[in-house]
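Counting starts at 1 for both ligands and their atoms, in listed order.
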Amino acid sequence: MKADKRAKEAAPVDGKTGAGDRRGKSAKVSVNTPADGASAGPVSVSGADTYRRLLTYIKPYKKQFAIAVAGMLGYAITDTAFAALMKPMLDGSFVDQDQSAILFIPLMIIGIFLLRGIAGFASTYYIAWIGWRVIKQLRGEIFEKYLTLPTAFYDRSSSGELISRITFNSQMVANAASNSLTVIVRDSLTAIGLLGLMFYQSWQLALIFLVIGPAIVIIVARVSKKFRSISRSIQGSMGEVSHVIQEAVEGARVIKIFGGQDEEMAQFELANESNRAFNMKETVVKALNEPIVQLLVALALATIVYIASSGDVADRISVGSFMSFITAMLLLFSPLKRMTTLNSQIQKGIAAGESLFAILDLESERDHGTDILDASIQSIEYRDVCLRYTEDKPVVLQNISLSIAAGETVAFVGESGSGKTSLVNLLPRLYELDSGEMRVNDKPVDEYTLRSLRGRIATVSQDVMLFNDTIASNIAYGSSETVDEATLHTACKAAHAHDFIISLPDGYATMVGENGVMLSGGQKQRVAIARALLKNAPILILDEATSALDTESERKVQQGLDALMLGRTTLVIAHRLSTIEQADRIVVLNKGQIVEIGSHKELLAKQAHYYKLHQLQFR
Ligand SMILES: Nc1ncnc2c1ncn2[C@@H]1O[C@H](COP(=O)(O)OP(=O)(O)OP(=O)(O)O)[C@@H](O)[C@H]1O
Ligand SMILES: [Mg+2]
C-alpha cells in the first residue's frame, strides 16, 4: 500500500514541462525518477481534461467574460464595416458626388473607430482582468500546496523548477488562454465578416483569393514560426547568462578561494556571445519578415488587380466595390495569420496547465488526525519502525523499538550516516514510516493533528535555517503569541545569544541576510537555540545543536540547554560525546539499527560500540 503511494509521489512532477524548458542549462530539472523505474507516473491527463479544468477557473467570471466576448464581436464587426464603407465612400462621395454620402461617410468613419476603440478596450481590459485573477488564483493554490507537500517532495525537487512553476507557468497558462480566446472569437469572426464582404463585392475575385490567400498565409506562418523558435533560443541563452551570473555571485567565496575567475569568465563569455549571436539572428529574421510578408501580399494584390482590371470582371465591379474588396483582403491577413498559431497556443497553454495541475494533484502530507496533543507528555514510543527514503535505496532505519518516558533525556550517537537525524525527524512526522508505529502518550502519532503534534516539539537542527529578516523576528518565528521584549531577551540570554546580538550595530533589529549569511555559524546556532527556547515546547529535539560552537561557548550554551531540558522530554544528538554524558540513556545506532542502549557508565563498562566511539574521541 505504502509503496504504491510512494511511487506515486515519486512520479515526476515535471511530466510535461514543455513550458518550463525555456531556460537552457539553467533549467535544473528535478531529478525525481521513480525508484524502480517501473512504477507509473501520474495518470496522463488528456488535453481536453486539462482544458476543462482550466475553464473552471474562468467560470466565476462569466459576466466579465461576456463583456470581453462582446467587445471582440464589436471589434470584428467594425473591421468589416470599415471595409464595407469603402464602397459608398468611393462610389457615393467621390464618383457620384452624393451630398448625403459626403456628410454621412466621414461621420461613419468616426463612429466606426469610436466603436472599435471602445470594443477593443473593453475586450483587452476584461481579458486581462480575468487573466490576472486566474494567475493569482493559480499561484495562491500552488503556493499553498508547496506549504503542505511531504518533506520528501522538497528533497527531490529543484527549487528553481518549483519557483518557475509558480511564476512562469501560471502566467503562460493565462497568456495562452487569452490569446487563443482572441483568435477563436475575434479573429475568426473578423475573418468570416471580411470574407463574406469579399464574396458580396465580387465572388469571382473572392474565389481567386481563396486560392492564393491560404498559400500566402502558410508561408507567413512558416516565417513566424522560425521567428518564434529563435526567440525561444534567445530566452534560453538569456537564462544561461543569468545562470552564470547567479552562480558567480552566489559562489563568490568559493570562486575566490579556488581561483575560478578565469573559468567563470570563460563560461560567461560563451553565454554572452551566444546571446549576442541569437539576438542578431532574431534581428535578421525580424527585418526580413516584414518585407517578405509585404512582398507576398503585394503579389496577391497584383494578381487580383490584374484579373479585376483585365477580364470581364472589370465591367461589372465599381471602383468602390473593388476598393472595399481590397481593403477587406488586406485586413484579412493578420487575423488569418494569427489563426494559424491557434493550435500551438492551445498546446502551450495546456502543457503549462498540465504542469501546474501535476503539482496541485500531488498528495499533501497526511493529516487525518483529529486529536490535539496535550502539553504534558507522558511517553514517546518507537515500535518496530523501519524507514526508507526511496524505494531503490537501502533501509535507513531498521526495526527501531524504543520507549522514552516523560522528562527523560535520550541521546543518540553513532557514525555519520547511521540514521540519527532520520530517527528524530520521524517524531514531528517529517517523513512517513515504511512500517512500524510511532506513539506519543500511548496513541499513534497520526491520530493527532500535525499542527498540534509539531506545536509540542521544538528543534534545533543540524543546518540552521534563518529567514532574511531581523534577528528578533527570526527568534520569534512561529511563536503563537506576540513576544514581548523581556521574554525575547530572557530566551536569548539563556542561549548565550544576547551579548553578541546587542553588540551588533542594529541589535535585535539587525537583518541576518539571506539564510543568515551575516552571522557566523555559531551565532546562527545560538539564534536557533533561542528560537527553540522561546517556543517552550514539552519535547525538545537537539540535532548537533552546539556543533558549530567552540568549546568555550559550547560549555556556556550547554548550561542554557541544560536549563532548557529540565522537565522536558529531550532527544539529543551529538558527535562530541562529552556533551551527552549526563543523558539518562544513550542509544547507539549503527547502520540504522540500535546496537546498544544504556547510561554512559553502563555502556563504557560494556566495552563495545559506545566504548569504541568514546576511545576514538578521548584518546
Ligand atoms: N532526505 C533524504 N533523502 C534520502 N536519503 C537520505 C535523506 N536524509 C538522509 N538520507 C540517508 O539516510 C542515511 C542516514 O542519514 P542521517 O542524516 O539520518 O544520518 P546521521 O546519523 O544523522 O548522520 P550525521 O551524523 O552525519 O548527521 C544516510 O545514508 C543518508 O544518505
Ligand atoms: Mg544527522
Return all protein N, O or S atoms below 2.8 Å from the Mg ion (ligand 2), chain by chain in residue order. T421 OG1, Q462 OE1
Can you tell me how far CD of E141 sits from CD of Q137, rounded to the nearest 0.5 angstrom? 4.5 Å
If you measure only the distance, is there a donor-acceptor pair under 3.5 Å linking the side chains of S376 and Q378? yes
Does any donor atom in the side chain of S364 or K145 lie under 3.5 Å from an acceptor atom in the other side chain? yes
Do Y431 and D155 have side-chain atoms, one donor and one acceptor, less than 3.5 Å apart? yes
Between ligand 1 and the protein, find all N/O pairs closer than 3.5 Å and give the distance for each.
residue: ligand 1; atom: 1 (N); partner: D155; partner atom: OD2; Å: 2.8
residue: ligand 1; atom: 1 (N); partner: Y431; partner atom: OH; Å: 3.2
residue: ligand 1; atom: 18 (O); partner: S422; partner atom: N; Å: 2.9
residue: ligand 1; atom: 18 (O); partner: S422; partner atom: OG; Å: 2.5
residue: ligand 1; atom: 19 (O); partner: G419; partner atom: N; Å: 3.4
residue: ligand 1; atom: 21 (O); partner: S418; partner atom: N; Å: 3.3
residue: ligand 1; atom: 21 (O); partner: G419; partner atom: N; Å: 3.0
residue: ligand 1; atom: 21 (O); partner: K420; partner atom: N; Å: 2.9
residue: ligand 1; atom: 21 (O); partner: K420; partner atom: NZ; Å: 3.0
residue: ligand 1; atom: 22 (O); partner: T421; partner atom: N; Å: 2.9
residue: ligand 1; atom: 22 (O); partner: T421; partner atom: OG1; Å: 2.6
residue: ligand 1; atom: 23 (O); partner: G417; partner atom: N; Å: 2.8
residue: ligand 1; atom: 25 (O); partner: K420; partner atom: NZ; Å: 2.8
residue: ligand 1; atom: 25 (O); partner: H575; partner atom: NE2; Å: 3.4
residue: ligand 1; atom: 26 (O); partner: S416; partner atom: OG; Å: 2.6
residue: ligand 1; atom: 27 (O); partner: Q462; partner atom: OE1; Å: 3.3
residue: ligand 1; atom: 27 (O); partner: Q462; partner atom: NE2; Å: 2.5

H600 vs Y610 aromatic rings, parallel, tilted or perpendicular, using cut-offs 30° and 60°? perpendicular
Verify the distance criterion only: is there a donor paired with an acceptor across the side chains of N399 and R383 at less than 3.5 Å? no
Is it true that the side chains of S461 and D543 contain a donor and an acceptor less than 3.5 Å apart? no
Just checking, any donor-acceptor pair under 3.5 angstrom between side chains of S452 and T449? yes
Output the distance between atom CG (L430) and atom CZ (R454), rounded to the nearest 0.5 Å. 5.5 Å
